[in-house]
Amino acid sequence: MNNRLRWRKFVSNFMLTMTGVCAVVAVSVLFFILGYLVYHGGTSINWNFFTKLPAPVGESGGGMANAIVGNAKLLLLAALIGVPIGFMGAIYLAEFSGSSVAFVVRYAADLLNGVPSIVIGIFAYSLAVLPFKHFSTLAGGLALGVMMVPITLRSTEEFLRAVPRALREGAMALGASKSKTIATVIVPAAYRGILTAILLAFARVAGETAPLLFTAFGSRFWSPGWNQPTASLPVMIFTYAIAPYEDWHRQAWAAGLVLLGLILVINILARAILARGIAVPRS
Amino acid sequence: MATTTTTAPGAGPFAGSRSFISKLRDGDEIARLITFLFAASVVLVTVLLVYELWVESALPRHKFGLHFLITKVWDPNLDQFGALPFIYGTLVTAAVSLLLAVPLGIGAAIFLAELAPAQISDILEFFIDLLAAVPSVIYGLLGVFIVIPLMREYIQPGLKNTLGFLPFFQGPTYGVGFLTAGIVLAIMVIPYIISVSREVLLSVPRDQREAALALGATRWESTWKVVVPFARTGIMGSIFLALARALGETMAVTMVIGNTPTISASLFSPGYSIAAVIANEFTEATGDVYLQSLIELGLVLFLLTFILNGLARLLIVATSQRGSGVGQA
């Protein structure tokens, strides 16, 4: 009996230690990725990377200035599509809708959220590339915007719902109309959460590659206006990583470091905003 | 909505007939209409997405029918398209990734939910969330320059020497292939499994644990025989979610799977997945049947992930409801 108890205790301690090992392994992957990118990318980043166009094949040097600008344009378009639809839709869901309409909208948003990004790319292709017969920044922005909508919508709705009921009732008791209550009381009370939701959605699409492959396509030059194909950092990383040139590999690492740094900073910022508490404590 | 009747200043006794006018004056109906249009556009986009996938894949659907799913030939020159190697590659890589990710992910989730003090658990969860935010092309980059050489030089020869009698570990070791893609995918989906499983485990009522411990169970026995079974459906949900992610993952897989349409029992063999073939061939597809076959592949992928995501959501909701129900009783 004593032996059996000892065995059970041993199994318990062993398995619990193993779960700890699992957790450490999982988390250490993050630091491994970061360390490796900083090590390889850090040595390849220089001023040229941010200011020069890609060098012609065979020549060394050059940078990814066009991809950085292209990425900014794509993300601006994505935010112009994703934020208004997500935000306004969330207000409708949280404040106005009956349960059956809300169910349909939520279901659609969850479905859209689960669609693989490459399929979103096909969708944007058939909407914005096929009819015009050429790749464009607009098409890429559309793809990223569509991806942003469900993430913004669902989390904004959560934060709007978390605003205490007493606040709404207080505003209405003072004679404010519903729309006035929403605009001056509810949204300001939830603004930290909403900002977090938008930033997280933004960070999520900032690194997307697959939907850009056949919408924004790619380019080795500046892309004037919105109606031409444009380079972007994720697509550059992809093409440079699988190319056989040593110099391109170094630039892929540099681009990876810039992209990951941007995404992690946005993520940490978003969580920091939220961690300082929603302006109004829940009661 | 009954409690939210607004009384505009001076609404007076004619509330019934004036409420609509006063609402309109205050902008409530307008606000409602505008926000409704935005919300409706989400539904519209979703419907349009399904519609486009269906319509744009009409040619191969009519030409090949269900044979599209079960034939192996993918030959743009002959206009013959069969999706079987891609479906096979997608399913095999996803299966390999789950085999690796599920034990590790659930183990880590148990540690975070059951063992670690709340503060440490929160910090680790923060890192896990960051890990989930790493874009897939970065995983692909590390896959190309770290995992592939490692696989070619050490892991694949090692597996061949020890487990080479199994059909899974035979053949030449290129570095790329099903196994490599599965490993990279596993690293990518582990954060999803951990996050959701941790939430589900944390929602298991405390008295379940205490009852088991009071009966003389060790800490592990209470966790493994009481808490985990209690959270079983939710954990299954997290696995389905991870599976859906793994099936739809594009960039990392494209960069390490080898991009050769093969069906082979050996995990060392280079392969191809649905998402990868779309990513690689979409811009080069000449001819309507070719392009639309790729779109039909997108439709297949969409349906696969749609079903899995639906199941995952059902399972997670079922657990959390059961958890709270028992907690209240």
Side-chain angles (χ1 to χ4, degrees), chain A residues 8-9 11-12 15-16 18-20 22-23 25-27 29-30 33 36 84-85 88-89 91-93 96 104-105 108-112 114-119 122-123 126-127 146 149 153 172 175 177-180 203 207 209-210 213-214 234 237-238 241-242 252 256 259-260 263-264 267, chain B residues 4 6 8-9 26-28 31-32 34-36 38-39 41-43 45-46 49 52-53 56 104 107-108 110-112 115 124 127-128 130-131 133-138 140-142 144 187 190 194 218-221 244 248 250-251 255 275 278-279 282-283 295 298 301-302 305-306 309 313:
Chain A
R8 283 172 55 202
K9 280 193 170 161
V11 168
S12 176
M15 292 309 286
L16 291 175
M18 288 311 288
T19 63
C22 289
V25 167
V27 171
V29 170
L30 177 70
I33 293 175
Y36 216 86
I85 297 182
M88 298 295 267
I91 288 182
Y92 180 78
L93 285 184
F96 288 112
V104 174
V105 175
D110 286 344
L111 203 161
L112 204 57
V115 174
S117 57
I118 188 101
V119 177
I122 296 181
F123 173 57
S126 63
L127 275 192
V146 168
V149 167
L153 178 88
M172 288 187 173
S177 67
K178 191 155 188 181
S179 48
K180 186 142 192 159
T209 318
L213 288 173
F214 33 83
I237 297 174
F238 173 57
I242 59 174
L259 185 65
L260 186 64
I263 288 169
L264 291 189
N267 259 279
Chain B
T4 56
T6 37
D26 295 335
D28 277 4
R32 186 197 180 89
I34 291 173
T35 54
F36 172 75
F38 279 102
S41 69
V42 179
V43 182
V45 166
T46 312
L49 179 113
E52 289 284 348
L53 284 177
E56 295 291 335
L104 204 84
I110 289 176
F111 179 79
L112 291 182
L115 274 185
L124 291 179
F127 289 135
I128 298 291
L130 287 187
L131 202 54
V134 175
S136 73
V137 73
I138 302 276
L141 187 67
L142 291 152
V144 168
I187 298 170
I190 282 174
I194 297 180
T218 62
R219 190 113 178 242
W220 171 252
E221 285 164 350
T250 312
M251 298 322 297
M255 290 161 89
I278 300 174
F282 205 86
T283 50
I295 296 179
L301 193 60
F302 170 79
T305 49
F306 169 65
N309 277 318
R313 216 159 38 234

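Here is how names work: the chains are called A, B, and so on, in the same order as the sequence lines, proteins then strands, and each is numbered from 1.
Shown here for A:L260 and B:P135, the closest heavy-atom pair between the two residues is CD1-CD, 3.9 Å. Across every non-hydrogen atom of B:F38 and A:G89, the tightest pair is CB-N, 3.9 Å. Minimum heavy-atom separation, A:C22 to B:A108: CB-N, 3.5 Å. The nearest pair of heavy atoms linking B:A133 to A:N267 is CB-ND2, 3.3 Å. Of all heavy-atom pairs between B:I128 and A:A26, the closest is CD1-CB, 4.2 Å. For the pair B:I138 and A:G256, the tightest heavy-atom approach, listed with the atom from each and the gap, is CD1-O, 3.4 Å.
B:A244 does not touch chain A: none of its heavy atoms, backbone or side chain, sits under 4.5 Å away. Interface remark: B:T218 contributes backbone and side-chain atoms alike to the contact with chain A (heavy atom separation under 4.5 Å). Using a 4.5 Å cut-off between heavy atoms, A:I263 contacts chain B through its side chain alone, with no backbone atom that close. Within the 4.5 angstrom heavy-atom criterion, only side-chain atoms of B:L53, from C-beta onward, approach chain A. Interface residue B:L130: backbone and side-chain heavy atoms are both found under 4.5 Å from chain A. With a threshold of 4.5 angstrom between heavy atoms, B:L115 approaches chain A through side-chain atoms but not through N, CA, C or O. Interface residue B:V144: only side-chain heavy atoms are found under 4.5 Å from chain A. At a 4.5 Å heavy-atom cutoff, the contact between A:M15 and chain B is made by backbone and side-chain atoms alike. With a 4.5 angstrom heavy-atom cutoff, A:V105 touches chain B via backbone and side-chain atoms both. When heavy atoms are compared at a cutoff of 4.5 Å, B:I278 approaches chain A by way of both its backbone and its side chain. When heavy atoms are compared at a cutoff of 4.5 Å, B:L124 approaches chain A by way of both its backbone and its side chain. With a threshold of 4.5 angstrom between heavy atoms, A:F238 approaches chain B through its backbone and through its side chain. Looking at B:F306, the atoms closer than 4.5 Å to chain A (heavy atoms on both sides) all sit in the side chain, from C-beta outward.
Contact of the B:V134 side chain with the A:V29 side chain is not registered, since no non-hydrogen atoms from C-beta on lie closer than 4.5 Å. In this structure, B:L301 and A:I118 have side chains that are in contact, with non-hydrogen atoms separated by less than 4.5 Å.
Applying the 6.0 Å contact sphere to CZ of B:F36 captures no more than 12 heavy atoms from other residues, nucleotides or ligands.
When B:I187, B:N309, B:I110, B:L142 are compared by the number of non-hydrogen pairs under 4.5 Å with chain A, B:L142 comes out ahead. Contacts with chain A were tallied for B:L112, B:I190, B:T46, B:I194; B:T46 has the most, counting heavy-atom pairs under 4.5 Å. Across A:L259, A:V146, A:L93, A:L111, the residue that shares the most heavy-atom pairs under 4.5 angstrom with chain B is A:L111. In terms of heavy-atom pairs under 4.5 Å with chain B, the best-connected choice from A:S117, A:A210, A:A203 is A:A210. Contact count versus chain A (heavy atoms, under 4.5 Å) is highest, among B:F127, B:W220, B:F302, for B:W220. Note on B:G140, B:A275, B:G107: by heavy-atom pairs under 4.5 Å with chain A, the leading option is B:G107. Each of A:I122, A:L112, A:L127 has some count of heavy-atom pairs under 4.5 Å with chain B, and the biggest count is that of A:I122. Of the residues considered (A:L213, A:V11, A:L16, A:V115), A:L16 shows the highest number of contacts with chain B, using heavy-atom pairs under 4.5 Å. When each of A:I91, A:I237, A:V104 is scored by its heavy-atom pairs under 4.5 Å with chain B, the top score falls to A:I237.
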Evaluation steps, side-chain contact (heavy atoms from CB on, under 4.5 Å), between A:I85 and B:V42: CA-CA 8 Å; A:I85 297 182; B:V42 179; 3.7 Å; yes
Test side-chain contact (heavy atoms from CB on, under 4.5 Å) applied to B:V45 and A:V149, step by step: CA-CA 10 Å; B:V45 166; A:V149 167; over 6 Å; no
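Here B:L131 contributes atom CG and A:L264 contributes atom CG; the two are 9.5 Å apart, rounded to the nearest 0.5 Å.
Remark: the A:S126 side chain and the B:E56 side chain contain no N/O donor-acceptor pair separated by less than 3.5 Å.
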